[in-house]
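Positions are given from 1, in the same order as the sequence printed here.
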Amino acid sequence: MEFRVLGPTEVTDGGRSLAIGGPKPRAALAALLLEANRIISVEGLVDAVWGEQPPPSAVNALQTYVSRLRRVLGAETLCRHPAGYRLVAEPDLIDARRFERLLAEGRAALAAGDPSAGHRAAEQALALWRGPALLDVTDAPFAQAEIARLGELRLVAAETRVEAMLALGDVTGGVAAARALVADHPLRERGVAHLMLALYRDGRQSEALATYHEARRLLVDDFGLDPGDELTALAQAILRQDPELLTAPPPGAPVTVPPVGPVTSPTADPSTTPSTAGSVRSRLVLPLDRFVGRDRELAEIRQQLATYRLVTLTGPGGSGKTRLAREVCRRLPQPVYVVELAGLHDAGLLEATVAQAFGLAVLADLDAVAATVGDAEVLLLLDNCEHLTEALADVVLRLLTDLPGLRVLATSQRPLGVGGERRFPVPPLPVDTMAVELFLDRAGAVAPDWTCGPEEHEVVTRICARLDGLPLAVELAAAQMAVLSPAQILDRLGRSLAITGTRPDLPERHRSLERTIDNSYRLLDGTQRDLFARLSVFADTFDLDAAETVAGAGADVLTPLTGLITGSLVATTGATAAPRRYRMLEILRAYADRLLGPLDRERLRHRHLDWALDLARTADRGLRGPDALRWYRTLGAEQANTRAALAFALAADQPLAGMRLATDLSWFWYHRGHLREGIRWLRDTIDATPGAPPVDRARALTALASLLYLAGRLEESGTANRAALDLALTAGDPAPVARAYIYEAYYLAMRGRAAEAAAAGENGVRYARRSGADWLLSEALSTNGYLARARGDLETAAATLDEAIRVGTGIGYRWSVSSSHWFRAKVAADAGAADEAYRAALTAARGLDHLEDVTGWLAALHLLAGTLGMTGRATDGAVLLGAVAGIGGRAGYSPELMDPYDSPREIAAVTTPLSPAAYAEAREVGLTMDREAVRAFLHRLTDGDPSS
């Protein structure tokens with residue numbers, strides 16, 4: 001059993017959180033934990049729980065709380081004593097004590113010259129924190145001193161972590177960690193000093209001094225004080241570039257040197273430099289403009305180079321591989337040798353080119369390189385390798401075999417294919433942050449008078465999104481700011497990707513986006529080029545089956561697809577996805593689409609529409625069975641493709657196909673809360689198909705009615721469903737008739753027309769049985785159970801719902817089972833069986849959450865909140881109502897509009913026992929919750945409750 005106070009007070013057993021009660025039991029437990037293994041008097045605990053004015057019943061209430069805690073913790077852990085109570089626990093079982101031990105170990109390790117152990121201990125110590133200490137008793141007087149003490153130690157631990165990172169030479173991580181500290185505590189001079197030193201060691205002297213001046217300004221403005229002597233001395237040392245500040249090897253600064261030989265940091269050990277290469281030195285060419293972002297990538301690549309001897313940065317042309325690799329090299333302490341391969345096309349000159357980078361004579365070979373370098377620790381940068389990968393593989397393998405101290409960093413659109421190679425796919429820049437920052441930086445160089453206001457910032461974000469955050473594309477677009485506004489650039493991008501740059505320092509291949517993609521395309525073979533063009537039909541991600549069906553017309557596409565992936569023209573979307581999915585950057589997709597002729601494009605889009613129809617038809621059946629969750633996720637992943645297929649169906653005069661597709665997608669839209677989207681597609685396709693077969697039109701109208709009902713538009717829903725019923729009765733297929741009767745019955749019941757509703761419900765069951773579809777029968781029985789309940793016949797309602805649950809369970813139709821439990825809870829509430837209603841509502845909520853349902857899950861939570869009020873837990877119910885309002889508001893769905901009959905009762909069950917202030921406070925807690933937080937809340941709510 002473990003005890004946690006670094007965050008909310010919590011007790012866990014085997015990783016499972018134990019139920020310890022509400023605020024007052026938690027306060028008592030927190031007070032006992034702060035005095036663990038010591039006796040606390042009853043009076044002391046009363047003061048801790050109630051303060052200076054306890055109620056007359058405080059002692060009795062305390063005994064009740066402690067008794068409950070003893071049942072949870074065990075009498076041997078929470079001991080009764082004549083003088084009071086004592087909580088017995090080993091110090092390491094209390095997270096605060098374990099934190100202090102780890103911090104002490106970390107500080108001692110640093111003092112002993114072991115930064116690795118110090119960093120490890122500091123990381124472990126900080127990982128114990130889950131929020132501010134004693135979060136749920138922050139107002140209690142007994143906790144104030146400990147909260148302040150632990151908070152100070154947390155800062156010390158964070159500072160220790162930064163010290164260890166700097167001692168280990170991880171200046172990039174040190175800058176990021178120190179910057180986070182200063183952002184939270186800008187007046188804490190120790191943190192400011194850490195950030196200044198980290199920035200200086202990262203070669204950013206001006207930023208280090210700017211950090212000092214900002215801290216000084218804040219101290220003077222807020223307190224009228226100057227910085228302390230130590231901080232001032234550090235600033236002076238940075239200003240004069242005191243060599244003693246570089247206690248760990250700093251990253252090398254860019255220098256101007258002749259064109260051949262190694263690049264070394266100012267403090268590199270001369271003994272590690274090849275002895276015969278000193279007379280000629282190579283140049284690590286770095287652009288003069290600012291390097292933007294990529295802190296995570298820089299840290300990961302450095303870590304990989306520390307672990308692996310060959311690291312290859314891969315990605316499409318323009319992804320920033322070269323700039324990133326050179327920035328990595330700039331920050332490394334060992335000598336760096338650079339081989340630029342973009343202009344080399346004769347593989348026979350590879351060995352001589354590599355040898356020349358090491359300062360050897362023209363046409364020297366790899367044996368000469370091995371003799372020169374020996375065992376020295378050096379790095380070789382091979383830049384732009386994609387057109388020479390086959391020949392390079394042999395060269396790199398020989399070098400790594402002969403030179404034990406060599407590490408190779410390569411940039412290439414495709415991997416080298418050498419054993420032991422570690423691939424690092426360079427991702428695009430995050431659109432909303434780094435890509436926009438890059439655009440603004442480069443735009444400032446060509447349009448210095450331009451200021452980006454909020455509206456233009458949104459346009460810039462859209463430009464970067466259109467360009468997928470690809471650095472070269474963003475830079476080329478920003479260069480257009482010399483003559484165009486952001487809106488004009490975005491408009492031109494909507495019509496063409498023909499953006500060019502005029503900077504003479506850019507390589508020829510990087511002066512046009514199309515030219516960059518051309519270079520990548522030329523590396524493909526014929527089958528890869530054909531597949532690359534055909535894959536442009538997918539609007540977003542796709543899997544292998546879709547690629548074979550649509551782009552391969554049923555043929556095996558694995559081999560050319562593998563070539564496109566290794567060539568960085570197609571990307572995978574995550575190794576954990578099953579099945580794996582792939583995507584093309586939007587700018588690559590637009591380029592690929594232009595490779596298609598008009599007839600080929602038309603055939604592909606028809607094939608894509610047929611594939612989407614088959615997918616949606618199969619998924620519509622799968623959503624009503626035991627594999628529903630997989631189908632929900634599949635349709636979620638394919639949303640962009642199904643939207644593209646719907647748009648094509650309407651544009652290509654295929655509205656019937658579009659209506660069938662929309663109908664089969666409607667159940668997905670229903671459960672995921674995509675109500676506006678579904679209503680729009682269904683209306684558009686229905687309006688475009690006045691002469692459609694009655695069965696198709698009836699199914700579409702019923703689907704529309706279901707979405708309108710969820711949106712709270714009951715009259716429109718009823719009108720659509722009545723039209724569906726009239727059509728279905730003429731079609732000769734019992735399934736659409738059954739579905740229309742089900743919705744008709746439900747609509748009539750909500751309008752108080754009980755007799756008509758009962759007749760419609762019976763018809764729904766009869767036609768469902770005739771259809772032979774058990775999923776439909778389960779839905780029809782569930783609706784009839786609701787109708788019996790609406791008539792006041794609770795016994796029939798319960799029996800009918802139980803039958804619906806049995807039928808649905810038999811075929812694994814979890815949604816219908818959960819929906820029937822939802823109705824069952826309402827029946828129990830009508831009968832005054834509040835505990836039974838609570839259990840049924842909880843079962844419904846859990847079942848729908850398993851399906852990742854949105855609308856039904858929110859409706860179940862709304863009902864569950866009401867049953868909590870009915871069972872004396874109104875505060876918890878108010879929290880849930882807040883969560884439903886918050887999540888439903890973001891999803892565009894309200895259970896109150898969907899269920900006007902019962903919602904007022906559920907709300908009243910929560911609000912009546914609470915004061916307005918208490919209700920508002922609890923509801924506010926729920927408003928901040930997301931789905932994961934609600935799950936955790938329900939878990940805490942039901943933990944240890946045998947009835948749950």
Side-chain angles (χ1 to χ4, degrees), residues 8-11 16-29 49 57 61 64-65 67-69 71-72 136-137 818 821-822 824-849 857-888 895-896 899 902-929 931-948:
T9 307
E10 187 179 22
V11 183
R16 183 174 62 91
S17 182
L18 303 181
I20 56 176
K24 297 210 174 344
R26 287 175 177 273
L29 177 60
V49 175
S57 61
T64 301
Y65 298 150
S67 177
R68 291 175 182 170
L69 287 171
R71 285 199 298 273
V72 174
D136 39 10
V137 292
S818 297
H821 279 294
W822 183 63
R824 199 72 171 77
K826 293 174 180 286
V827 171
D830 290 349
D835 288 335
E836 183 183 347
Y838 164 73
R839 288 192 295 272
L842 183 62
T843 300
R846 285 175 167 168
L848 292 164
D849 191 30
W857 179 67
L858 289 171
L861 288 182
H862 197 281
L863 176 57
L864 180 59
T867 63
L868 284 168
M870 297 171 196
T871 54
R873 291 172 284 180
T875 300
D876 290 332
V879 172
L880 271 191
L881 286 181
V884 170
I887 298 173
E896 296 178 42
D899 188 16
D902 289 313
S903 285
R905 178 178 71 176
E906 294 158 14
I907 295 171
V910 174
T911 56
T912 301
L914 299 175
S915 69
Y919 171 72
E921 181 180 0
R923 187 177 184 274
E924 187 67 28
V925 172
L927 281 171
T928 65
M929 288 181 170
R931 191 159 189 149
E932 282 301 320
V934 172
R935 287 180 184 138
F937 177 80
L938 292 184
H939 178 74
R940 291 193 299 270
L941 193 69
T942 59
D943 191 30
D945 182 354
S947 66
S948 302

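No donor-acceptor pair under 3.5 Å is formed between the side chain of R68 and the backbone N or O of I20. At least one donor-acceptor pair under 3.5 Å links the side chain of T867 to the backbone N or O of L864.
With contacts defined as side-chain heavy-atom distances shorter than 4.5 Å, the pair H862/I907 qualifies. A heavy-atom distance below 4.5 Å is found between the side chains of D835 and T871. Contact annotation: the side chain of E921 never approaches that of E924 to less than 4.5 Å [non-hydrogen atoms, C-beta and beyond]. Here the side chains of L863 and D902 are not in contact, with every heavy-atom distance at 4.5 Å or above. Under the 4.5 Å side-chain criterion, counting only non-hydrogen atoms from C-beta, V11 is not in contact with V72. Using a 4.5 Å heavy-atom threshold, the side chains of F937 and D876 count as touching. Between L938 and R846 there is no side-chain heavy-atom pair separated by less than 4.5 Å. Side-chain contact between W857 and V934 is present, with heavy atoms from C-beta onward closer than 4.5 Å.
Under a 4.0 Å N-O distance rule, the pair R905/D830 qualifies as a salt bridge. Comment: E836 does not engage R839 in a salt bridge, judged by the lack of any side-chain N to carboxylate O separation of less than 4.0 angstrom.
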The test is side-chain contact (heavy atoms from CB on, under 4.5 Å); show your working for R935 and H939 and say whether it passes.
CA-CA 6 Å; R935 287 180 184 138; H939 178 74; over 6 Å; no

In sequence, state the C-alpha distance, the side-chain angles, and the governing distance for D849 and R931, and then conclude on side-chain contact (heavy atoms from CB on, under 4.5 Å).
CA-CA 9 Å; D849 191 30; R931 191 159 189 149; 2.9 Å; yes

